[in-house]
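Single-structure report; data block below.
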Protein chains: 2
Amino acid sequence: MEKYRALGIKLTPQRLAILNYLKENKSHPAAEDIYKIVSKKFPTMSFATVYNTIEALKIKGCVKELKIDPAKKRYDLDTSPHHHFICTNCNEIIDIFKDFNLELAYQMPKGFELKGSHVEFYGLCSNCID
Amino acid sequence: MEKYRALGIKLTPQRLAILNYLKENKSHPAAEDIYKIVSKKFPTMSFATVYNTIEALKIKGCVKELKIDPAKKRYDLDTSPHHHFICTNCNEIIDIFKDFNLELAYQMPKGFELKGSHVEFYGLCSNCID
DNA sequence: CTATCTGCAAACGTTTTGCATCTGT
DNA sequence: ACAGATGCAAAACGTTTGCAGATAG
């Protein structure tokens, strides 16, 4: 937690609750998921605070925004490079930690600067397969 | 064009213009881009028609919806399997035709059914690199 | 002829914003 | 003390919907 303070992020009780939720929850929640849970503890909390906190974390590079779910942005506290599987039925996202060396496998055209890559696997998760 | 009629899609003048635009334009346009251009020819055309046409094409598998741009859905008339590079500055998307054999490279956990994958490369395009 | 499409406007869900008040450092 | 956060409500944005009238096949 000192890590965040050192980055110049003010640690309000609401923010601590959001951070705790993100740490304990690897389901890559959307803003609404965060709001639903954290507002149980802070009933007056608003969406603005959720978005504001995420924005602050994003700027400091402490949160990644996932583009995998077209309906809403989802967030990942784990900023280490990894990939994702998304269930086309229930939209559950699971992490995939494996390096596919794609930057080596593909040579960009001249004049482009390749910074990274992300693989999205899709299919059915074990809950949806029956 | 007969291809679409055969699929049971009615080819109205608006739809023909949308299809032509998508065919001639490989920039993976969003609904608004389509609307802006096609409504020059059909000034009374509405967004509903753009979305309706895209929906019809999607259902028939003639268009893919890209999740690469978090701000808005973008569409691709090329439904053959391929990947994308997105410029983190201007959001230009370019096609990458190469098979990385990712389905073979990664074994999903038991109980999951892997259907496919998509790689998103990101970085700076040649226009934004200076 | 009729199933389907168009165009308009209103509704929707998510995200952003303005602003007065409050609070962590 | 004060930069920056909160909470509220309104607005913005892309997308979806309902419906009356029009049209492709």
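Lettering of chains follows the sequences in order, A, B, ..., and the numbering in each one begins at 1.
- Counting non-hydrogen atoms under 4.0 angstrom, A/P13 reaches the backbone sugars and phosphates but no base.
- At the phosphate of C/dG7, OP1 or OP2 sits under 4.0 Å from a side-chain N or O atom of B/T49.
- Remark: C1' of D/dT23 and CG of B/L16 are 13 Å apart, rounded to the nearest angstrom.
- Heavy-atom distances to DNA chain D give each of A/R15 and B/R74 a nearest nucleotide, and the one nearer the 5′ end belongs to A/R15.
- Distances were taken from every side-chain heavy atom of A/Y51 (C-beta onward) to each of C/dT16, D/dG4, D/dT15; the shortest belongs to C/dT16.
- Residues A/I93 and A/L66 meet the side-chain proximity criterion, which asks for heavy atoms closer than 4.5 Å.
- A/I54 has its CD1 atom 16 Å from the C1' atom of C/dT17, to the nearest Å.
- With hydrophobic clusters built from ILVMFWY side chains whose heavy atoms lie under 4.5 angstrom apart, A/M45 shares a cluster with A/I9.
- Comparing A/K10 and B/R5 by the nucleotide of DNA chain D that holds the closest heavy atom to each, the one mapping nearer the 5' end is A/K10.
- Dashed line: the shortest gap from a side-chain N or O of B/T44 to OP1 or OP2 of C/dG7 is under 4.0 Å.
- Atom pair A/I9:CD1 and C/dT23:C1' shows a separation of 17 Å (rounding to whole Å applied).
- Comparing B/S46 and A/Y75 by the nucleotide of DNA chain C that holds the closest heavy atom to each, the one mapping nearer the 5' end is B/S46.
- Atom-to-atom distance recorded for A/R74:CZ and A/N91:CG is 6.5 Å, nearest 0.5 angstrom.
- Between the CG atom of A/N52 and the P atom of D/dG4 there is a distance of 12 Å, given to the nearest Å.
- Note: B/F100 and A/F100 fail the aromatic proximity criterion, with ring centroids not under 6.0 Å apart.
- When the nucleotides C/dT15, C/dG7, C/dT25 are ranked by their closest atom to the side chain of A/L11, C/dT25 comes out on top.
- Protein atom CZ of B/F47 is 11 Å distant from nucleotide atom C1' of D/dC13, rounded to whole Å.
- At least one side-chain nitrogen or oxygen of B/K73 sits closer than 4.0 Å to the OP1 or OP2 atom of D/dT16.
- Between B/E65 atom CD and D/dT16 atom P there is a gap of 7 Å when expressed in whole angstrom units.
- Using a 4.5 Å heavy-atom threshold, the side chains of A/H83 and A/E120 count as separate.
- Listed nucleotides: D/dG4, C/dT6, D/dG14. Nearest to the side chain of B/K72: D/dG14.
- Within 4.0 Å (heavy atoms only), B/A71 reaches sugar-phosphate atoms of the nucleic acid but no base atom.
- In this model, the phosphate group of D/dT6 is approached by a side-chain N or O of A/T12 to a distance below 4.0 Å at OP1 or OP2.
- Per the geometry, CD belonging to A/E32 stands 9 Å off P belonging to C/dT15, to the nearest Å.
- Remark: P of C/dC5 and CZ of B/F42 are 16 Å apart, rounded to the nearest angstrom.
- Within the structure, every side-chain polar atom (N or O) of B/Q14 is placed at least 4.0 Å from both OP1 and OP2 of D/dT23.
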_Worked check of side-chain hydrogen bond (donor to acceptor under 3.5 Å, both in side chains) between B/D69 and B/H28_ = CA-CA 10 Å; B/D69 189 339; B/H28 313 78; over 6 Å; no
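- Across all strands, B/A30 comes closer than 4.0 Å to no nucleic acid atom at all (heavy-atom distances).
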